[in-house]
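The structure appears right after this line, and notes come after that.
Model, not experiment: these values are computed from the prediction. Values below: every heavy atom of this structure, side chains too, minus hydrogens, waters and symmetry copies. In each ligand, atom 1 is the first atom listed, and ligand 1 is the first ligand listed.
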Amino acid sequence: MFNKKLSDGVYNVGVLNPNMRVFDVIMETKNGTSYNSYLVRGSEKTALIECVHRDYYGYLKENINSICGCDSMDGVKIDYLIMNHNEPDHSGGISRLLEDYPEIQVIATQPGANFLKNIVNRADMNVRVVKDGDMLELGGKTLEFISAPFLHWPDSMFTYLREDRVLFSCDFLGAHFCEPGMLDSDVLYADAYEEAVRVYYDAIFSPFKKHVRYGLEKIAPLDILTCAPSHGPMLTKGIELDKVIALYTQWSAEQVRDTKSIPIFYCSAYGNTGALAESIAEGIKSVVPSADVPLFNIIEHDIGELGGLMNGSDAFLVGSPTINRDAVPPVYILLAHLDAVNIAGRPVGLFGSFGWSGEAVANIKGRLDSVRAKVFDEMLKINFIPTGADLERAKEFGAEFARSL
Ligand code: FEO
């Protein structure tokens, strides 16, 4: 059981999940996670802010009961469930909550209400839609709803508890991180926590930088003592809150570069695609001498770092040999890291050496077309070992690609 009092009438009744190692299939969670949920008790009404993952609802119920000093839910009255965001790690337990609280009113944005309809699948669910600036009075506890779309779903909002100066930010400013004491001042492994904040931001918020900046602007005027996210430690003013806000500000800032970044990613079974990559880089530099054109043999680097470079580039190239009528798996693993939200229109060049047939570049193009990248018309394919003339052709290919930018 875990609970933490934030202030009079305000409690974290969420659930720790220290054993989780992969979140949502794609995200490594070396330090586990927590499903934070908060109980706010006014003199008139009580609100629960966020529910939890379906499988952890029983623990949430225990935590609520322990706060309320009851043995069963019968004696605890909760009037509202406020859903700042409705991904199933927050909304999965709602069906079970509604069995215990059939009268509860669920509060969400309009997109959130739309999602909940098909997540909860109960026609009798009482949902109230709120807009930016709407208030909910609990009796000495005033909740203000703040629109924060795409942080990180269209449904997202924040809830601010005015009297206690607590911001319930859902995923925003959170971390997949789990320690017994879930307040920032209690964190024992500070380095691991800071890394978790970064990994979490990269995976969840980096595709939505413009919206992150908007979210930060929305909360800037608020006098926040405690930020209560839905994953990881609660952040307090003067400890981690200011630091994490500063990091989000830095990470979401618009990039201003003096030089173009045009990385080349490739795999090379016998050095032939690698030789093409070097000549292509020469060609690019001959047209744009100031360009940064680093070469990466994919299997020699951390794939997550390469993904970040690819997504942050002005343009990039991908080279693969053809093996068994396809590009090689590390190339597809890299392309699985494409930021599909923001990659549309990004210029991409494709090349590769092949032996029998040479399908690799066309197959890679299929993946890039699916995310609407702008694939350079010419795709360079060289049979077996490139000759001097082939390398000249590769250089010219690089030059033409650079001229097209
Ligand atoms: Fe924690 Fe986007 O769900």
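Of the candidates Lys218, Arg162, Arg165, Lys131, Glu144 forms a salt bridge (charged side-chain N to carboxylate O under 4.0 Å, His left out) with just one, namely Arg162.
Side-chain contact annotation: Asp184 with Thr236, donor-acceptor N/O pair under 3.5 Å present.
For a distance bound of 2.8 Å, the N, O or S atoms of Glu87 include none lying that close to atom 1 (Fe) of ligand 1. Backbone or side-chain N, O or S atoms of His90 do not reach atom 2 (Fe) of ligand 1 at under 2.8 Å. Taking 2.8 Å as the threshold, Cys170 does not count as a candidate ligand of atom 1 (Fe) of ligand 1, since none of its N, O or S atoms lies below it.
Taking the centre of each ring, His211 and His152 stay at or above the 6.0 Å mark. Two rings, from Tyr248 and Phe172, have their centers less than 6.0 Å apart.
Atom 2 (Fe) of ligand 1 forms the vertex of an angle spanning OD2 of Asp171 and NE2 of His85; to the nearest 10 degrees it equals 90°.
Atom 1 (Fe) of ligand 1 lies closest to atom NE2 when only the N/O/S atoms of His231 are considered. Distances from atom 1 (Fe) of ligand 1 to each N, O or S atom of Asp89 single out OD2 as the nearest.
Ion pairing between a basic and an acidic side chain is recognised when a charged N comes within 4.0 Å of a carboxylate O; Lys243 and Glu240 show such pairing.
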